[in-house]
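Worksheet: one structure, shown below.
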Amino acid sequence: MTESNNNLVGLDKQELRDLAIALGEKAFRGDQLFRWIYRDRVQSIDEMTNISKTFRDILKRQTAVVPLAVEHKKVSVYDGTIKFLFRLKDNLKVESVLIPPTEAREISEDMRRLTLCVSTQVGCPADCKFCATGTMGFFRNLTVGEILGQIIEAGRHTPRRISNIVFMGMGEPMLNYENVMKSIDIIGDDEGIGISPRRITVSTVGYVKKIKQMADEGRKAKLAISLHSLDDSVRTRIMPINRKHNVDELIDAAQYYWKKTRQRVTFEYIFFEGLNDTEKDINMLRKLSGKVACKLNIIPFHPIYLPENSELRETLSPPAGDSVKKFVNRLQQQCDFPVMLRSSSGIDIDGACGQLAVKEEIKK
Ligand code: SF4
């Protein structure tokens, strides 16, 4: 067993086959375990009724199905968004956000879409200046079991099936690459969680080697890049990763990904009033079309808790009036790729990345 604490959640099919063989059973018992854990999402080994009692007893002596503990759950009265704060074995906390569709958000897309935003790390080392998680520092990577546990537990709190997964919660997925990709393999398996990799999005601030690795490995999950500015001086101010991999390198990696996978890249662009909303920004964004097949999501900045000594506390402002709508309209007129205005989900429950966890940490 490679997953910690003898938890069966987090083991892939081959590891479960190996476990079955090591415990004196045939390999196909591992496949049965896989289906019980991820497809049927049982909460105990005793629920695995097509497995003999003898083998279940052997399993129970050495392993368990360990659920993630829900510390808090908040439901938005505005849009039905549900935010979970999960407590891990070592008492650290991570959060996930379950986002239902709204008419405004999903005009032409599948109206039944139910998206779970999943965390990949406790805290985050990327230190983006607009992000509450970034202010926490970094604690550790999540295990595969902890990543999948978020999906399994969140699924118990809705009568509907989770249809989409976005790795946009706490943490930078590319810095926990192996565990994230192993999770995606289990999520995408028809006998596992059963969500097509085409409905899974991995979001990165721009770890270019990992973007290229994803392309080289032929991964089917979609790629989103947190862009927020094409101006190196602005991007470096709000995203320290830009010192390591500047905008040219990032766009080069996006091009590489597109050429290798033929999958369109999604660029995420948080709109900060007066910072990344100028004529020059529109011109730079317009030119993306000649470089990479993409779509652009504009997200109005949602004010967050920032430490009093943050140098950007006064600089990062949400849109004033209808400035973001005007910005989007201009882009839509000038760009030959899709430009969408996205809303912030669960504003009344601190729906933006990292906020609830930060408040909990502060309380402690
Ligand atoms: S935006 Fe994402 S990558 Fe940046 S600090 Fe927050 S969690 Fe980390």
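All residue numbers refer to positions in the sequence shown, counting from 1. Order of listing sets the numbers, starting from 1, for every ligand and every atom in it.
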So, are D127 and K129 salt-bridged, with charged N and O less than 4.0 Å apart?
-> yes

Give a yes or no on whether a salt bridge exists between E191 and K13, defined as a side-chain N under 4.0 angstrom from a carboxylate O.
-> yes

For ligand 1, which atoms, with element, lie under 4.0 Å from some heavy atom of V205?
-> 3 (S), 4 (Fe)

Any atoms of ligand 1 less than 4.0 Å from a non-hydrogen atom of G134? List them with their elements.
-> 5 (S)

Does any N, O or S atom in C128 come within less than 2.8 Å of atom 8 (Fe) of ligand 1?
-> no

By number and element, which atoms of ligand 1 are closer than 4.0 Å to a non-hydrogen atom of D127?
-> 5 (S)

Would you tell me whether N179 and N141 have side-chain atoms, one donor and one acceptor, within less than 3.5 Å of each other?
-> no

E15 with K182: basic N within carboxylate O range, under 4.0 Å = yes

